[in-house]
Number of protein chains: 2
Amino acid sequence: MNDHDTPDSLLKLDLQVCFALYSTNLAMTKVYRRLLRELGLTYPQYLVMMVLWEEDGQTVSEIGERLFLDSATLTPLLKRLEGMGLLSRRRAADDERRVRVRLTEQGRELRIRAEAIPEAVACASQCQPEELMALKDQLHALRRKLNG
Amino acid sequence: MNDHDTPDSLLKLDLQVCFALYSTNLAMTKVYRRLLRELGLTYPQYLVMMVLWEEDGQTVSEIGERLFLDSATLTPLLKRLEGMGLLSRRRAADDERRVRVRLTEQGRELRIRAEAIPEAVACASQCQPEELMALKDQLHALRRKLNG
DNA sequence: TGCTATTAAATAGCGCGCGATTTAATATCG
DNA sequence: CGATATTAAATCGCGCGCTATTTAATAGCA
């Protein structure tokens with residue numbers, strides 16, 4: 001009996017946390033897609049907007065640190081949001097390497113409509129809030145270990 | 001004090017399971033990227049190979065049901081794996097709509113080298129196996145609720 | 001049989017995510 | 001000061017992941 005066909009081989013899909021993470025993330029994204037469609041946002045765009053709603057005027061790098069994304073991902077995404085009229089991008093006067101991202105009035109207003117989303121997602125998950133918070137904490141712990 | 005700037009607003013990034021899921025998935029993918037580079041596979045390609053190592057000769061739809069992906073994602077991915085000489089794609093004789101995917105000898109052999117990966121990932125996660133299994137089960141439960 | 005409906009896979013187009021490189025501005029140091 | 005190093009953002013190319021559509025084969029039914 002070798003490792004290649006034992007039922008408990010570690011190569012089994014359903015035994016891997018990683019696939020659980022991957023596939024649950026896909027499922028979650030599908031739920032968001034429906035909800036975000038009426039706001040005209042994708043999920044990563046929604047994340048950027050949340051970062052800016054928390055604190056406006058951050059640089060591309062600061063947004064990236066928050067979301068674990070780099071400029072190769074963020075620059076085109078931010079340009080799209082700028083094209084939608086939700087934010088502006090301008091080089092910082094004191095350090096022209098940096099680009100400050102600021103919400104427009106329209107970008108700030110979108111927050112009102114976005115307020116309903118977290119609850120709608122929680123509802124779609126059919127979980128108790130405590131369960132979700134516990135899961136969140138475990139995921140943050142795992143992420144810290146993987147990144148560090 | 002309104003909902004827009006209360007510290008406990010549900011729109012806060014770090015309060016959302018969804019972002020925990022999203023960002024932990026990114027971190028996990030980064031770990032895999034390093035390990036899979038020497039096999040010449042991406043993570044989704046690795047998933048497809050695992051499905052076929054578990055059971056060879058599945059159709060595109062069957063692989064898709066297992067991975068929660070559709071033919072729009074799988075067809076180009078499978079063509080790449082075919083191009084690498086890891087598998088073959090052929091229309092089923094009894095139903096020419098279906099495409100059966102079969103591992104080549106090279107595809108089967110790759111499994112030997114892949115055997116080391118789950119352990120390496122578990123190691124990178126710096127977690128106890130029991131923790132990871134518990135997390136996996138919670139994620140599967142959440143996925144089921146989100147999909148159903 | 002022949003017509004329509006359904007199904008499986010493929011295709012087109014778009015938005016991430018990232019490795020690798022480039023461009024431009026600032027920092028550092030002789 | 002000037003040359004080099006570092007940093008921030010942008011750019012390029014590729015592989016997903018998905019919506020919408022298309023193509024082709026089979027099923028179902030009058």
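Every chain is numbered from 1 and lettered A, B, ... according to where its sequence line falls, protein lines coming before strand lines.
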Trainee: Without decimals, in angstroms, what is the distance between Leu78(B) CG and dT11(C) C1'?
Mentor: 15 Å
Trainee: Within this structure, what is the CZ-to-C1' distance between Arg80(B) and dG17(D), rounded to whole angstrom?
Mentor: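 Taking atom C1' of dG17(D) as the reference, CZ of Arg80(B) is at 11 Å.
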Trainee: In chain order, what residues pass the side chain to side chain donor-acceptor pair (under 3.5 Å) check against Asn147(A), with sequence neighbours excluded?
Mentor: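 Here no residue qualifies.
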Trainee: Under 3.5 Å, sequence neighbours excluded: what are the donor-acceptor pairs made by side chains of residues 68-82 of chain A?
Mentor:
{"unit_1": "Asp70(A)", "atom_1": "OD1", "unit_2": "Ala72(A)", "atom_2": "N", "d": "3.3"}
{"unit_1": "Asp70(A)", "atom_1": "OD1", "unit_2": "Thr73(A)", "atom_2": "N", "d": "3.4"}
{"unit_1": "Thr75(A)", "atom_1": "OG1", "unit_2": "Ser71(A)", "atom_2": "O", "d": "3.0"}
{"unit_1": "Glu82(A)", "atom_1": "OE1", "unit_2": "Arg89(A)", "atom_2": "NH1", "d": "3.0"}
{"unit_1": "Glu82(A)", "atom_1": "OE2", "unit_2": "Arg89(A)", "atom_2": "N", "d": "3.4"}

Trainee: What orientation do Trp53(A) and Tyr46(A) show, parallel under 30°, tilted 30 to 60°, or perpendicular over 60°?
Mentor: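 Geometry flag for Tyr46(A) against Trp53(A): perpendicular rings.
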Trainee: If you pin Gln45(A) and Thr75(B) to their nearest nucleotides in DNA chain C, which one's is more 5'?
Mentor: Thr75(B)
Trainee: DNA chain C: Tyr43(A) or Arg89(B), which has the more 5' nearest nucleotide?
Mentor: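 Taking each residue's closest nucleotide, the earlier one in sequence belongs to Arg89(B).
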Trainee: Tell me the interatomic distance from Leu77(A), atom CG, to dC14(C), atom P, rounded to whole angstroms.
Mentor: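 Roughly 16 Å, once rounded to whole Å.
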Trainee: Whole angstrom is fine here: how far is it from OH in Tyr32(A) over to C1' in dC18(D)?
Mentor: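 Taking OH of Tyr32(A) and C1' of dC18(D), I get 18 Å after rounding.
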Trainee: Output yes when at least one side-chain N/O atom of Lys79(A) is less than 4.0 Å from OP1 or OP2 of dT11(D), else no.
Mentor: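 It does, given that an N or O in the side chain of Lys79(A) lies less than 4.0 Å from OP1 or OP2 of dT11(D).
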Trainee: Rounded off to whole Å, could you give me the CG-to-C1' distance for the Leu67(B) and dC16(D) pair?
Mentor: 13 Å
Trainee: So Thr29(A), base contact, sugar-phosphate only, or nothing? Heavy-atom distance under 4.0 Å.
Mentor: nothing
Trainee: Determine the sole option in Val101(A), Val48(A), Val51(A), Val99(A) for which the side chain to side chain contact (heavy atoms under 4.5 Å, CB included) test with Gln58(A) is passed.
Mentor: Val51(A)
Trainee: Under the side chain to side chain contact (heavy atoms under 4.5 Å, CB included) test, which residues partner Glu54(A), sequence neighbours left out?
Mentor: Arg66(A), Lys12(B), Leu13(B)
Trainee: Do nucleotides 19-29 of chain C as a string where each nucleotide becomes B, S or -: B if the base has a protein heavy atom under 4.0 Å, S if just the sugar-phosphate does, - if no protein is that close.
Mentor: B-----BS---
Trainee: Tell me which residues in residues 18-25 of chain B lie within less than 4.0 Å of DNA chain D, going by non-hydrogen atoms.
Mentor: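 Within residues 18-25 of chain B, no residue comes under 4.0 Å of DNA chain D.
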Trainee: Quick one: list whatever passes side chain to side chain donor-acceptor pair (under 3.5 Å) with Ser23(B), sequence neighbours left out.
Mentor: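 Per chain and number, Ser23(B) pairs via side chain to side chain donor-acceptor pair (under 3.5 Å) with Arg143(A).
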